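Report on one structure; see the data block that follows.
What you see below is based on every heavy atom in this structure, not just the backbone, and it leaves out hydrogens, waters and symmetry mates. Since this is a predicted model, take the numbers as computed values, not measurements.
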Amino acid sequence: MSSRESEIAHEFHPYFRAYKDGRVERFFGSDIVPASIDSQDGVSTKDVIIVPETGVSARIFIPSSVKPSQKLPLVVYFHGGGFFMGSPFCSEYHNYVTFLVSKANVVAVSIDYRLAPEHLVPIAYEDSWAALKWVASHSSGEGPEAWLKDYADFQRLFLVGDSAGGNIVHNMAVQAATEDLSGVKLLGICLIQPFFGRTDGHVDKYWLFVCPTSRFGDPRINPAVDSRLSRLGCSRVLIFLAEKDNLRERGQFYCETLKSSGWGGELVIAETEGEDHAFQLFNPNSEKALALMNRLVSFINRDKEASM
């Protein structure tokens with residue numbers, strides 16, 4: 001191996017390493033849990049290709065007990081990983097979305113957008129919007145995926161994401177305010193420990209790695225400069241923060257920015273004391289992770305619970 005082949009260009013210990021010769025090593029999110037029908041968790045899953053030309057795909061989750069005439073809330077999930085790692089198919093995200101589907105009794109579509117540095121931003125956003133439009137295309141009874149046509153209630157759509165996925169959720173909701181997602185009603189979005197620019201007016205090394213030409217004036221990383229924010233395409237927003245997370249202040253800044261934007265919806269902020277970034281993924285059965293999940297389930301099923 002030559003010196004260039006072994007020379008590290010970027011390293012985000014302990015999860016990721018990129019070499020100057022273009023090779024990358026991902027130490028998180030690269031394992032694959034096979035899709036299965038009627039797993040022991042009571043959830044069935046299948047994988048679908050959304051855009052054959054780019055390879056954008058998704059994993060669809062349904063409760064195995066769903067009845068033929070039953071319509072369930074629809075969750076579109078965007079995984080985290082800094083835009084450079086993570087996957088719907090890896091154990092952390094597969095298990096987390098499976099648990100959400102089991103607890104909330106929903107249909108979920110977990111999006112596999114392309115990653116940097118092989119595919120720099122804005123590819124992740126473009127893939128995510130293409131996937132969201134593909135999901136929406138089933139609302140009229142068209143589209144290729146039977147599980148969506150048969151079981152999803154497109155008038156109860158929620159977008160959920162953590163970390164970089166939370167950032168994608170926000171940007172999808174902003175885009176939904178100005179571009180057509182015909183046939184669906186986006187009721188709410190949930191951002192779990194979302195990734196935005198620093199509160200001192202700068203962006204960090206992670207953002208510069210995935211989007212080298214961008215700075216703090218980019219509305220994708222700084223919602224405060226986005227003139228569309230007041231038209232956010234939903235009526236309810238839930239934000240989860242973690243006390244020890246180094247993204248906590250950025251999440252607070254997002255909340256303050258949304259409050260002052262003129263957006264007229266309902267904003268709820270929930271902070272978990274004593275926990276760090278992504279604790280709900282790495283210790284999902286802990287008391288505090290279960291409390292977060294229960295809060296998310298209630299957010300999705302609030303209208304149903306109120307009518308009972």
Open item on the list: To check you understand the geometry: which heavy-atom pair defines the closest contact between Lys71 and Lys149, and what is its length?
Closed with: NZ-O, 2.7 Å
Task: Closest non-hydrogen atom pair, Val106 against Pro73 - done: CB-O, 3.3 Å
Task: Sequence-distant partners of Glu126, salt bridge (charged side-chain N to carboxylate O under 4.0 Å, His left out), two or more places apart - done: none
Open item on the list: If you define the side chain from C-beta out and look only at heavy atoms, does anything of Arg114 sit under 4.5 Å from Val56?
Closed with: yes
TODO: Find out whether Glu256 and Thr199 are in side-chain contact, i.e. whether some heavy atom of one side chain is under 4.5 Å from a heavy atom of the other.
DONE: no
Open item on the list: Taking atom NZ as the centre, does Lys288 end up with more than 12 heavy-atom neighbours from other residues, nucleotides or ligands that are less than 6.0 angstrom away?
Closed with: yes
Task: Contact summary for His119 and Ile123, nearest pair of heavy atoms - done: CB-CG2, 3.8 Å
Open item on the list: For Glu25, I'd like to know if atom CD has over 12 heavy atoms of other residues, nucleotides or ligands within 6.0 Å.
Closed with: yes
- [ ] Would you please name every residue forming a ring pair (Phe, Tyr, Trp, His ring centres under 6.0 Å) with Phe282, sequence neighbours left out?
- [x] Phe28
Open item on the list: What I want to check is whether the side chains of Asn167 and Asn171 have a donor and an acceptor closer together than 3.5 Å.
Closed with: yes
TODO: Locate the shortest heavy-atom distance separating Cys211 from Arg220; write the atom from each residue and the value.
DONE: SG-NH2, 3.8 Å
Task: ring pair (Phe, Tyr, Trp, His ring centres under 6.0 Å) against His94, all qualifying residues, sequence neighbours excluded - done: Phe61
TODO: Cation-pi check, Arg59 to Phe89: give yes when NZ or CZ is under 6.0 Å from the six-membered ring centre and within 45° of the ring axis, no otherwise.
DONE: no
TODO: Measure from the ring center of Phe196 to the ring center of His170 and say whether it is less than 6.0 Å.
DONE: yes
Task: Passing option when Asp245 is tested against His277, Arg250, Glu271 for side-chain contact (heavy atoms from CB on, under 4.5 Å) - done: His277
Open item on the list: Do the side chains of Glu266 and Arg302 get close enough for a salt bridge, i.e. N-O under 4.0 angstrom?
Closed with: yes
TODO: Answer whether the closest heavy-atom distance between the side chains of Met293 and Gln280 falls below 4.5 Å.
DONE: no
Open item on the list: For a 4.5 angstrom cut-off between non-hydrogen side-chain atoms, does Arg17 reach Phe27?
Closed with: yes
